[in-house]
Protein chains: 2
Amino acid sequence: MSVQFQAPDDVTIDPRIEQLVTDVIGRVADKWTMLLLEVLEQGGTLRFTELGRAVDGISQKMLTQTLRQMERDGLVSRTVHPVVPPKVEYRLTDLGLSLSAAFCGVWNWAATHLDRIEAARAAFDARG
Amino acid sequence: MSVQFQAPDDVTIDPRIEQLVTDVIGRVADKWTMLLLEVLEQGGTLRFTELGRAVDGISQKMLTQTLRQMERDGLVSRTVHPVVPPKVEYRLTDLGLSLSAAFCGVWNWAATHLDRIEAARAAFDARG
DNA sequence: CGGAATCCTGACAGATACTG
DNA sequence: CAGTATCTGTCAGGATTCCG
């Protein structure tokens, strides 16, 4: 464990915090999670198939998988109604809502600077 | 043009924006990019190997690759000094700085709610 | 309806070796 | 020092099928 790479004090981030935070972000900042966050924030309480239709392009596998992870992390609550046909509803917890709010900044940033990125990319590619 | 996305079912997000934004976020929100963003924000101008030492666990391949992408997207500037031995310096552009700021919210969220997530996860796992 | 189980593939990360 | 090149294994994720 303690390989401790001779850290020259200056710019290094505390490895523990770094580990934990990037770990959390890594699980939370993927495409489907963000889209589900967005959809659930706007839609309130939604069923499985409704989510599937709302998030364009998601496979049922990834929908299940992502929802499970989000449930596990306490971002969404899952309510099973014992009826036939089955009815399962998902909604954001307060934790999920707060994350959604935090992501708002990144979302806006992306929407705002989209063209600048495209431009930078085009320029870079043009330079070879 | 007023395309005004004829929402067939309630909660759908405009596919174009969704596409573009998630695309941008997808490239920008990966582990190494975030860590480099953080390190560069704090460290100012840094050399290749300094970055390698600052970001614990990154391979030189991923460092190169991630820096290239960030440069392509206009997030970092790369300056080659024609000396021997070679000296290449990286620093955030204003675009990169703004992204770093935007991510700050998510970063803080993760740091703040880390324990709640761990707790939720433990509870979930305990329930089977 | 809301999943779980299975199979399959291509993208990508790690290790290694070489270079201007 | 700051990369490039290659090879290889892993694994995320799509398609498909089946079930309570």
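Only this structure's heavy atoms are used, side chains among them; waters, hydrogens and symmetry mates stay out. In this text, all values refer to a predicted model and were calculated from it rather than measured experimentally.
Listed nucleotides: C:dG2, D:dC1, D:dG3. Nearest to the side chain of B:Arg78: D:dG3. Distances were taken from every side-chain heavy atom of B:Gln60 (C-beta onward) to each of D:dA2, C:dT16, C:dG2; the shortest belongs to C:dT16. Across C:dG2, C:dA4, D:dT4, the shortest atom-to-atom separation from the side chain of A:Arg68 is found for C:dA4.
Looking at which nucleotide of DNA chain C each of A:Lys87 and B:Asp30 is closest to, the 5′-most match is held by A:Lys87.
Among the atoms of the strands shown, base atoms are found under 4.0 Å from some heavy atom of A:Pro86. In this structure, B:Gln65 reaches the sugar-phosphate backbone alone: every heavy-atom distance under 4.0 Å involves primed, P, OP1 or OP2 atoms, never a base.
Whole-Å rounding puts the B:Arg27 CZ to C:dA11 P distance at 14 Å. Atom C1' of nucleotide D:dG13 and atom CH2 of A:Trp32 are separated by 10 Å, given to the nearest angstrom. Put simply, CE on B:Met62 is 16 Å from P on C:dA11, counting in whole angstrom units. We find that NZ of A:Lys61 is positioned 9 Å from C1' of C:dC7, with the value rounded to whole Å. Following rounding to the nearest Å, B:Leu46 (CG) and D:dA2 (P) show an atom-to-atom distance of 11 Å. The distance from atom CD of B:Glu50 to atom P of D:dA2 is 8 Å, rounded to the nearest whole Å. Computed from coordinates, the A:Leu63 CG to C:dA4 P distance equals 11 Å when rounded to whole Å. Counting to the nearest Å, the C1' atom of D:dG3 and the CG atom of B:Leu51 are 14 Å from each other.
Counting heavy atoms from C-beta on, the side chains of A:Leu36 and A:Thr66 come closer than 4.5 Å.
Between A:Tyr90 and the phosphate of C:dG3, there is a side-chain N or O to OP1/OP2 separation shorter than 4.0 Å. The side chain of A:Ser59 contributes no N or O atom lying less than 4.0 Å from OP1 or OP2 of D:dA15. Between D:dG3 and B:Thr64, no contact under 4.0 Å exists linking OP1 or OP2 to a side-chain N or O. In this model, the phosphate group of C:dC1 is not approached by any side-chain N or O of A:Arg47 to a distance below 4.0 Å at OP1 or OP2.
A donor-acceptor contact closer than 3.5 angstrom links the side chains of B:Ser100 and B:Glu41. Side chain to side chain, B:Gln65 and B:Gln69 fail the donor-acceptor criterion of an N or O pair below 3.5 Å.
Ion pairing between a basic and an acidic side chain is recognised when a charged N comes within 4.0 Å of a carboxylate O; A:Arg27 and A:Asp23 show such pairing. Ion pair B:Asp94/A:Arg116 flagged as a salt bridge, since at least one NZ, NE, NH1 or NH2 atom sits closer than 4.0 Å to an Asp/Glu carboxylate oxygen.
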